[in-house]
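Below is one structure, written out as structure tokens; comments come after it.
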2 protein chains.
Amino acid sequence: MTDNDGMTTARTPVPEAARHLGLRERKKIKTRMAIREATYSLVKEQGYDATTVEQIADRAEVSPSTVFRYFPAKEDIVLTDEYDPLLEKLLRERPADEPVLESLRWAIREAMAMALTDNPAYEQDEMLLRVRLMVEVPQVRSRLMESMSVTGRLVCRALAERTGRHENDLEVRVYAMGLMGALLEAMIYWVEGDCRDDLPELIDRTLATFKDLPRR
Amino acid sequence: MTDNDGMTTARTPVPEAARHLGLRERKKIKTRMAIREATYSLVKEQGYDATTVEQIADRAEVSPSTVFRYFPAKEDIVLTDEYDPLLEKLLRERPADEPVLESLRWAIREAMAMALTDNPAYEQDEMLLRVRLMVEVPQVRSRLMESMSVTGRLVCRALAERTGRHENDLEVRVYAMGLMGALLEAMIYWVEGDCRDDLPELIDRTLATFKDLPRR
DNA sequence: ACACCTTTTGACAGTTACTCTCACTTCATG
DNA sequence: CATGAAGTGAGAGTAACTGTCAAAAGGTGT
């Protein structure tokens, strides 16, 4: 979502991809992670609203200025969305003549699987915390909804390629945002049910309420 | 404070529905309108961000405290959504055996028509300003998206009645929120095209990308 | 008219997210 | 190592809120 610094933020501690980078870049990644982790632990302890940016800065051992330099808003600390590029990649890997709903289903499935298996347990923990915050804290949810439109544009592009339409077609845009709204609601439903339901199944049922966007 | 000595009187006359109310209630309605109109004029002059609550309070001749008492947040001043009850009423008036998409189409059509014809010209002006702010100012758009979920619940209820499902069914909720996302995107599309397109037609095309939610 | 109670208001102080500026440190490079 | 660039911290400032409390205004009984 608001992760427009062009740099793909990595999840694994000081990732391999960063090895060749200068000390500067590596430090940036470190403080970024430090701020995130400080935030997560504080939010777990006291809740989101009770956690101030100053506390976060203290625990991350940086100044408040630096926190704001790394994240434009407090919500962005918990809500950095690095899955858009992954989703796009997975979507592109599907055969071009497959119905878009099918492609989406598989791409989302795959993305979720990767998020759950490729990450260590404590990160899965944080992911659940994040999802919960998205649903429960209005500010975070708002931001999430904003990021929905970014992902929506991504889906628009995929839809355009598949259906021979323009990515700015009303039908394309409307269909994409409809999908996003539906998927978001599915996630909320899932969290409300304490994450007990089988998420892939919920997503299947969600996508099943749509008809395929016809080719032009 | 806001004596009706002529000069500071609001453009909009106190509505008939308020006639029988006590002085207290009537005053409340008045200050509410005063705050709104102060906000609209200031925003027209300087833009949303440059307009502070203090300025709004000054122009509306109330204290800043009062502004916050009437509207929990600045965004809420421009974004009061009085159309939910109307939409619900119109939806209920449609025949119960009509496909839900049809009902929605007519209800939305009717609601729009009423909004455009029943209001004096300057209110239409303000409506356009509001719509534009919804699309352009992130904070306002966020709030709008939040309110989307409220309207979504309303649609859920209507869908539940029509399809014999429970209003908390995943399919119902997901379908409703999909609709809301799509309709919101249609509105954004309309504003981006400088409101030149025929809005009812856009809505028809939007709803046409959905299949009907089957009865259970 | 008057007293009495309730609702509404304004003044004020405080918190917090965020912005901007500027001096200072830290890294990169020839 | 010197020189420039990038990153950081300190501090001041803004504006959206929040909470409290005393004063004012509306409503109601006698």
Side-chain angles (χ1 to χ4, degrees), chain A residues 2 5-7 14 18-35 38-39 42-43 46-79 133 137-140 142-143 146, chain B residues 1-5 8 14 18-35 38-39 42-43 46-79 133 137-140 142-143 146:
Chain A
T2 18
D5 52 3
M7 207 197 65
V14 191
R19 279 264 169 268
H20 67 288
L21 297 173
L23 178 53
R24 231 162 218 177
E25 294 300 314
R26 268 178 288 154
K27 255 195 174 171
K28 275 211 271 190
I29 293 172
K30 258 198 196 164
T31 55
R32 211 183 168 78
M33 292 199 315
I35 294 171
T39 307
L42 280 165
V43 167
Q46 331 170 327
Y48 180 84
D49 282 324
T51 302
T52 72
V53 176
E54 212 184 331
Q55 292 175 324
I56 294 172
D58 277 355
R59 187 163 297 190
E61 298 187 276
V62 294
S63 74
S65 325
T66 299
V67 175
F68 286 118
R69 225 172 257 126
Y70 278 80
F71 301 93
K74 190 180 159 190
E75 307 97 74
D76 294 322
I77 307 178
V78 286
L79 209 85
L133 288 176
V137 180
Q139 298 165 324
V140 179
S142 282
R143 201 61 143 221
E146 287 288 312
Chain B
M1 273 301 159
T2 30
D3 278 351
N4 42 2
D5 279 350
T8 44
V14 178
R19 277 264 169 267
H20 67 289
L21 296 172
L23 179 53
R24 235 165 212 172
E25 294 300 313
R26 268 179 287 154
K27 254 196 173 172
K28 275 212 268 192
I29 293 174
K30 256 199 200 167
T31 57
R32 212 182 167 77
M33 292 198 314
I35 293 171
T39 307
L42 280 165
V43 167
Q46 332 169 328
Y48 179 85
D49 282 324
T51 301
T52 72
V53 175
E54 212 184 329
Q55 293 175 323
I56 293 171
D58 277 356
R59 187 164 298 190
E61 300 187 274
V62 293
S63 75
S65 324
T66 300
V67 174
F68 287 118
R69 247 193 289 275
Y70 277 79
F71 301 94
K74 192 180 157 191
E75 306 97 75
D76 294 319
I77 307 178
V78 286
L79 207 84
L133 288 176
V137 181
Q139 297 166 322
V140 179
S142 283
R143 200 63 141 219
E146 287 288 314

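Chain identifiers are assigned alphabetically (A, B, ...) following the order of the sequence lines, protein sequences preceding nucleic acid strands; residue numbering begins at 1 within each chain.
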Pairs touching residues 47-56 of chain B that satisfy side-chain hydrogen bond (donor to acceptor under 3.5 Å, both in side chains), sequence neighbours left out: B:Q46-B:T51

Which letter, B, S or -, goes with each nucleotide of nucleotides 14-24 of chain D from 5' to 3', with contact meaning a protein heavy atom under 4.0 Å? -SSBB------

Looking at [X], does any N or O in its side chain come under 4.0 Å of the phosphate oxygens OP1/OP2 on [N]?
X     : N      : answer
A:Y70 : D:dG7  : no
B:K28 : C:dT8  : yes
A:K27 : C:dT26 : no

Rounded to the Å, how far apart are [X] [atom1] and [N] [atom2]?
X     : N      : atom1 : atom2 : result
A:I29 : D:dA6  : CD1   : C1'   : 16 Å
B:E61 : C:dT9  : CD    : C1'   : 15 Å
A:D58 : C:dA17 : CG    : P     : 13 Å
B:K30 : C:dT8  : NZ    : C1'   : 16 Å
B:E25 : C:dT6  : CD    : P     : 17 Å
A:I56 : C:dA17 : CD1   : P     : 8 Å

For the helix from C:dA1-D:dT30 to C:dG30-D:dC1, figure out the bend between the end axes, five pairs an end, and round to 10 degrees.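 Angle reported: 20°, given to the nearest ten degrees.
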
Looking at [X] and [Y], what are the two nearest heavy atoms and their distance?
X      : Y      : value
A:P64  : A:A57  : N-CB, 3.6 Å
A:E146 : B:S142 : OE2-OG, 3.4 Å
B:I35  : B:V67  : CD1-CA, 4.0 Å

Quick one: does B:K74's side chain get under 4.5 Å of B:F68's, heavy atoms only?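 A side-chain contact is absent here, since even the closest heavy-atom pair is not under 4.5 Å.
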
With sequence neighbours left out, what residues match A:R59 under salt bridge (charged side-chain N to carboxylate O under 4.0 Å, His left out)? A:E45

Taking for A:P64 and for A:A50 the nucleotide of DNA chain C with the nearest heavy atom, the one nearer the 5' end belongs to A:A50

Worked check of side chain to side chain contact (heavy atoms under 4.5 Å, CB included) between B:Y70 and B:K28: CA-CA 9 Å; B:Y70 277 79; B:K28 275 212 268 192; 3.4 Å; yes

With sequence neighbours left out, write down each residue that passes side chain to side chain donor-acceptor pair (under 3.5 Å) with B:D76, or none if nothing qualifies. B:R143

Residue list, side chain to side chain contact (heavy atoms under 4.5 Å, CB included) with A:R69, at least two apart or on another chain: A:S65, A:T66

